[in-house]
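Proteins come first, then strands; the chains are lettered A, B, ... in the order of their sequence lines, and each starts at number 1.
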Amino acid sequence: MDLGGVALRPGPPESESVLLARAEELSGLSLARVAERYGRAVPPDLRRAKGFVGSLLEHALGATASSRAAPDFEALGIELKSLPIGKDGTPCESTFVCTIDLVRIADVEWQASLVKRKLSRVLFVPVEGDRALSVGARRVGTPFVWSPSAEDEAALRFDWEELAGIIGRGDAEGITGHLGRHLQVRPKAKDASARRRGVDADGMPYAALPRGFYLRASFTGKLLLEHFPR
DNA sequence: GATTGATCATGT
DNA sequence: ACATGATCAATC
């Protein structure tokens, strides 16, 4: 059968080294080339396709859990994150980690937190993110797998405990993106009118703006430098 | 220019 | 509704 040169989505990688090898094989390619390989259309810009790069990489690498609360590579326990890189070589955006259960976060310890679990092993795939480049022209960079060092974990834990503590006290509405050295809390919603269940300082349920944890670009920039010193 | 708060699309 | 994938764009 003639598939017009369109490749099939690969199955899940059987090991971390296979996954990394697949990702390395993509490095240097433009997003147009990767999309073409899988017969996917490239949007003119990302305004209405913000998840395009991440979804394309998931597809090309054989990620298993789409839109489910599981690691992208379930069997390997590895999370995939694309990392948009600006002209200066540093990340130009923060990295979303997970949404926050405002009702229950007070009852969970750092060790059992979604943030710790999500970040236990991550495949970062840098991709050019300069808005002056068309989406198709942006190239995939050299991937790397990361697990938090003891220092990383202590620092993330410090931020998490501060932020989770504020939410746990029922003061989620008092949180701004200014808080947290490496990890921050920002809205994660359809729009500013979106609401989900929260608990206020008196323990009363209320309709809260949905929020999520994000890694600051300065933090992922530090990871990049540690893996690719220059 | 960097950052925060707002927003977009899609799948379960 | 809420999870996934994030970037946009107003504001500092």
Tell me, please, which residues at least two apart from A:Asp159 pass side chain to side chain donor-acceptor pair (under 3.5 Å).
none
Shortest side-chain distance from A:Arg48, nucleotide among B:dC8, C:dG5, C:dT4
B:dC8
To the nearest Å, how far apart are A:Arg196 CZ and C:dA1 P?
11 Å
Using whole Å, report how far CZ of A:Phe96 lies from P of C:dG5.
8 Å
Is A:Ser82 close enough to C:dA6 that one of its side-chain N or O atoms is under 4.0 Å from OP1 or OP2 there?
yes
Over how many whole Å does the gap from A:Arg195 atom CZ to B:dA6 atom P extend?
9 Å
What are the atom names and distances for every N/O pair under 3.5 Å that joins the protein to nucleotides 8-12 of chain C?
| from | atom 1 | to | atom 2 | distance (Å) |
| --- | --- | --- | --- | --- |
| C:dC8 | OP2 | A:Arg131 | NE | 3.3 |
| C:dC8 | OP2 | A:Arg131 | NH1 | 3.1 |
| C:dC8 | O4' | A:Lys50 | NZ | 3.3 |
| C:dC8 | N4 | A:Glu93 | OE1 | 3.2 |

Nearest nucleotide by nearest heavy atom, which residue falls closer to the 5' end of DNA chain B, A:Lys190 or A:Gln184?
A:Gln184
Any pair with a residue in residues 74-85 of chain A that passes side chain to side chain donor-acceptor pair (under 3.5 Å), sequence neighbours left out, goes on the list, sorted by first then second residue, please.
A:Arg68-A:Glu74
Other hydrophobic cluster members with A:Leu209, side-chain heavy atoms of Ile/Leu/Val/Met/Phe/Trp/Tyr under 4.5 Å, chained?
none
Protein-nucleotide distance (A:Glu58, atom CD; B:dT12, atom P), rounded to Å:
12 Å
Indicate, with a heavy-atom threshold strictly under 4.0 Å, whether A:Gly54 touches base, sugar-phosphate, or nothing.
sugar-phosphate
For A:Tyr38, the ring pair (Phe, Tyr, Trp, His ring centres under 6.0 Å) test, sequence neighbours excluded, returns A:His59
Side chain to side chain donor-acceptor pair (under 3.5 Å): pairs with one or both residues in residues 18-27 of chain A, sequence neighbours excluded
A:Glu25-A:Arg37
Please name all residues satisfying side chain to side chain donor-acceptor pair (under 3.5 Å) with A:Arg169, sequence neighbours left out, ordered by chain then number.
none
If the condition is ring pair (Phe, Tyr, Trp, His ring centres under 6.0 Å), which residues does A:Phe228 pass it with, not counting sequence neighbours?
A:Phe144
Can you tell whether the side chains of A:Arg211 and A:Glu173 come within less than 4.0 Å, N to carboxylate O?
yes
A:Phe124 CZ to C:dG5 P: how many Å, rounded?
12 Å
Using 4.0 Å as the upper bound for N to carboxylate O, is an ion pair formed by A:Lys222 and A:Asp152?
yes
If the condition is ring pair (Phe, Tyr, Trp, His ring centres under 6.0 Å), which residues does A:Tyr214 pass it with, not counting sequence neighbours?
A:Phe96
On DNA chain C, does the nearest nucleotide to A:Thr99 precede the nearest nucleotide to A:Val53 from the 5' side, or the other way round? Give the residue.
A:Thr99
Under 3.5 Å, is there a donor on one side chain and an acceptor on the other for A:Arg186 and A:Ser94?
yes
Give the residues of residues 161-182 of chain A touching DNA chain B, defined as any heavy atom closer than 4.0 Å, sorted by residue number.
A:Thr176, A:Gly177, A:His178
Qualifying side chain to side chain donor-acceptor pair (under 3.5 Å) pairs, either residue in residues 133-142 of chain A, two or more places apart
A:Glu128-A:Arg139
Roughly how many Å is it from CZ in A:Arg117 to P in C:dA3, rounded to a whole number?
12 Å
Could you give the CD1-to-P distance, from A:Ile100 to B:dG5, as a whole number of Å?
13 Å
Please list, in numerical order, the residues of residues 203-220 of chain A that have a heavy atom closer than 4.0 Å to any atom of DNA chain C.
A:Tyr214
So, under a plain 3.5 Å distance rule, would you say the side chain of A:Lys188 forms a donor-acceptor pair with the base of C:dG5?
yes
Rounded to whole angstroms, how far apart are CD1 on A:Ile85 and P on C:dA6?
13 Å
